[in-house]
Amino acid sequence: GAVYDWRRQVTSHSPEYQRWTQWIFLRFLEAGLAYRRNAPVNWCPGCQTVLANEQVLADGTCERSGDLVQKRDLEQWFLKITDYADQLLDDLDGLDWPERVKTMQRNWIGRSEGAEFDMVVTDADGTPRSDGASIRVFTTRPDTSFGMTYAVMAPEHPLVATIVTDDRRSDVEAFVAVAAKQSDVERMAADGGLDKSGCFTGAYVRNPFTGSPVPLYLADYVLMGYGTGAIMAVPAEDQRDWDFATVHGLPIVRTIQPPEGWEGEAYTGDGVHINSGFLDGLGKAESIAAAIAFLEGEGIGEGKVNYRLRDWLVSRQRFWGCPIPVVYCPTDGIVAVPDDQLPVLAPDDVEFLPTGESPLRHHDDFLHTTCPVCGGPATRETDTMDTFVDSSWYFLRYCEPWNDSAPVSAEAAESWMPVDQYIGGVEHAILHLMYARFFTKALADLGVAPKELREPFSRLFTQGMIRLGGDKMSKSKGNLVAPEAILDTDGADALRLAHLFVGPPQDDVDWEGVGIEGCSRFLHRLWRLSCGEVGEGPVDREPTEADAAVDAATHRLIARVTEDYERWSYNTAVAAFMEHTNELYRYAQAPERPRRETLAESVDALLLLAAPMAPHVTAELWERRHGNHVHEQSWPVADPAKLVVDTVTMVVQVNGKVRDRIEVPAGVDAAEAERIALASEKVQAHLGGNPPRKVIARPPQLVNLVAG
RNA sequence: GCCCGGGUGGCGGAACUGGUAGACGCAGGGGGCUUAAACCCCCCAGCCCCUCCGGGGGCGUGUGGGUUCGACUCCCACCCCGGGCACCA
């Protein structure tokens with residue numbers, strides 16, 4: 001019952017689509033947004049391929065296979081998403097997206113402002129090394145530099161071998177070897193605790209603020225992948241440094257006066273600087289600015305912004321996926337496949353055995369080619385692209401899938417984009433939704449998409465997942481319930497209604513909670529009602545009070561369901577259908593029989609309102625009743641006059657407890673409401689015959705009497 | 001540890017702005033229809049207690065406090081569940 005415009009069907013593995021995915025890759029390559037580099041990458045032993053950071057879960061496992069991800073040094077292709085870190089962060093503010101998703105993206109991008117500067121490597125008495133070695137550090141707190149009592153490098157830091165002193169070399173090498181063997185997960189298992197392992201290098205660095213040397217350590221709490229892979233350590237104002245200093249017996253010097261009564265260890269808050277030379281007396285913000293100005297003045301550093309976000313590793317050692325359209329030539333190096341030779345298609349006679357290398361590497365006809373530049377023998381790139389590349393621009397292709405001279409024309413993209421309402425699961429919060437935003441911005445800047453198109457999806461709704469036995473139901477997990485059997489027994493409409501009725505669409509639900517029976521019964525009742533199979537049949541007459549009541553209920557239904565649709569509250573809309581159907585059943589079966597016109601109008605309203613949710617049944621019933629198509633009718637509109645009620649059930653409370661319910665005219669005033677409330681015997685019994693001390697009247701719904 | 005969600009009957013959930021807690025449905029109980037069963041139709045139903053069988057009373061939205069005439073809803077503290085981030089300098 002879903003409706004699609006099949007002219008706009010897009011198939012991401014088709015030659016047509018791959019042509020444009022590769023074309024975009026080449027534009028990225030030209031613009032420096034795609035590059036190849038050797039780097040430690042995530043390797044999934046189960047999938048036998050590398051993964052992007054975004055595809056590794058918090059526990060270090062693969063989001064697809066669940067295997068523990070390993071680190072490998074490999075030459076791979078990356079997309080330079082970090083060029084867009086600031087835009088990706090700032091433009092979140094203008095999006096009508098769930099805060100949760102925006103927060104996740106902000107955390108993932110992880111922007112932090114600070115400073116980077118060089119420190120000269122020295123010996124213990126502060127004499128610089130003859131090779132002039134220095135190390136660069138990043139800090140968000142340059143204002144605390146006077147409190148630096150030591151410095152730390154990551155064990156993988158490239159300068160470790162050159163700065164280590166001879167007497168420390170064997171210890172350092174042993175420490176580095178242990179760190180190298182540990183996976184990231186093992187390395188983090190210490191969980192920020194006190195057992196901070198480290199190793200002195202024998203070298204010192206000169207603190208440019210004090211001019212004094214401080215010892216240089218290796219420690220695995222400093223990561224090569226963030227900042228410069230080296231830090232200045234200020235134990236007094238950083239808890240990790242505090243822990244390390246405590247374990248290794250290093251001095252701690254406070255440079256910010258903690259507040260009165262401070263009993264904690266490292267103090268990271270704001271305060272007056274002490275022991276800090278030219279920063280003494282200043283607060284945090286002004287000290288940071290002054291410290292950066294000092295570094296710039298000395299010519300040894302500057303203000304710097306760092307991100308947690310890494311470039312997107314897009315190479316995959318898989319057969320499926322779009323081939324990366326480059327050729328390696330012994331003379332010309334990395335050469336782009338010319339546009340007019342796209343798409344580069346994978347052959348289909350390939351051995352799929354997972355060897356850890358792309359299957360395409362073992363296909364000689366594919367592998368061996370000629371260089372587009374010199375015409376000499378060359379080999380093709382055999383890795384393919386992450387399938388998330390395909391999904392990063394498909395929405396642009398929807399705008400104009402028949403375009404054969406570009407992925408999309410600016411005109412078509414201008415006309416359709418951005419997507420007004422996007423719907424997907426939260427599991428894409430920092431995968432697809434981040435990649436698609438990056439692609440949109442990059443393609444706009446490259447002139448492929450309109451320049452003004454900064455964001456692909458204006459509004460986002462994150463629907464919940466269907467779980468089965470605790471796990472999310474998904475294609476890759478294979479724990480699916482096939483709908484065919486339900487289509488045979490209950491029908492597509494009952495299945496659709498059951499999904500809508502089970503709860504709010506943003507919530508996860510367990511499949512066990514999806515009850516088809518109630519929805520199936522409801523549709524059968526709607527059927528019998530619409531076909532006149534309930535009661536003795538209608539009669540013609542002037543409207544009675546009972547008829548008018550049903551008429552009013554019909555209009556209340558229209559108003560209520562219309563509002564429910566607008567606020568995405570489909571479960572309550574279905575409940576309203578059921579409630580109204582139950583009421584019409586009683587009406588149709590009453591001894592005085594229903595009024596023909598009243599019943600017909602009410603059933604019609606029900607069919608029109610339910611049509612989007614139960615398209616097949618309502619279409620059939622509507623055609624039987626009217627001979628035309630329910631989906632071509634206009635939406636019913638509630639008559640405001642019929643929404644006005646004459647009487648209301650007024651609740652009377654004594655001391656906040658409900659003691660009586662009385663029918664009162666809707667327009668009753670406070671004085672009259674109070675009089676009616678006090679006239680109630682039940683209320684009088686609870687007041688014990690005494691007058692109330694206080695009366696709160698909220699006519700017409702409620703009167704609360706406070707006993708004396 | 002930090003940041004988001006969430007916790008309501010046996011179950012899924014409703015209560016939209018502080019004003020009748022538990023709509024609607026499932027499962028359950030009673031009655032009708034039927035030779036019988038299923039289907040279908042009607043009714044009951046938060047928990048506990050009392051009842052002269054008309055009804056009456058108390059308790060109740062994770063826990064403990066608070067604000068208010070009145071709290072599922074607002075505030076404070078805590079517990080539990082789910083998710084995200086996490087030695088990011």
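Every heavy atom of this structure was used, including side-chain atoms; hydrogens, water molecules and symmetry mates were not. Source: prediction; values computed, not measured.
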Problem - C1' gap between B/U17 and B/G66, integer Å - result: 22 Å
Exercise for the section: Quote, to the nearest angstrom, the C1' distance that separates B/C2 from B/C87. Expected result: 14 Å
Exercise for the section: Please determine, by modelled atom types, if A/Y221 and A/D243 share a side-chain donor-acceptor pair under 3.5 angstrom. Expected result: no
Exercise for the section: Taking atom P in both B/G65 and B/A14, compute the distance separating them and give it to the nearest angstrom. Expected result: 29 Å
Exercise for the section: Go through the steps for A/Q105 and A/L88 under the test side chain to side chain contact (heavy atoms under 4.5 Å, CB included), then give the verdict. Expected result: CA-CA 8 Å; A/Q105 292 212 353; A/L88 287 168; 5.8 Å; no
Problem - Separation of atom CD in A/Q653 from atom C1' in B/U68, rounded to whole Å - result: 13 Å
Fill in the blank from the handout: Mate of B/A23 across any strand shown (Watson-Crick or G-U wobble, both atom pairs under 3.5 Å) is none
Practice task
Could you measure between the two P atoms, the one in B/C33 and the one in B/C48, and give it in whole Å?
Solution key: 33 Å
Problem - Chi-angle category of B/G54 [syn within 90° of 0, anti beyond] - result: syn
Handout entry: Value in whole Å for how far the C1' atom of B/G25 lies from CG of A/L523
Key = 13 Å
Practice task
Can you tell me, in whole Å, how much space there is between the P of B/C52 and that of B/C40?
Solution key: 40 Å
Problem - P atoms of B/U8 and B/U73, separation to the nearest Å - result: 14 Å
Exercise for the section: Figure out the CG/P separation between A/N704 and B/A71, and round it to whole Å. Expected result: 10 Å
Problem - Pairing partner (Watson-Crick or G-U wobble, both distances under 3.5 angstrom) of B/C74 - result: B/G66
Problem - Anti/syn call for B/G9, syn if |chi| within 90° - result: syn
Handout entry: B/G62 versus B/C81 - spacing of their P atoms, nearest Å
Key = 16 Å
Exercise for the section: Could you give the distance separating B/A15 and B/G25 at their P atoms, to the nearest angstrom? Expected result: 16 Å
Problem - base_contact_polar (B/G19 base, A/R698 side chain, donor-acceptor, <3.5 Å) - result: yes
Exercise for the section: Using both distances under 3.5 Å as the test, list the Watson-Crick or G-U wobble partner of B/G9, or none. Expected result: none
Practice task
Starting from C1' on B/A89, measure out to CE on A/M224 and report it in whole angstrom.
Solution key: 13 Å
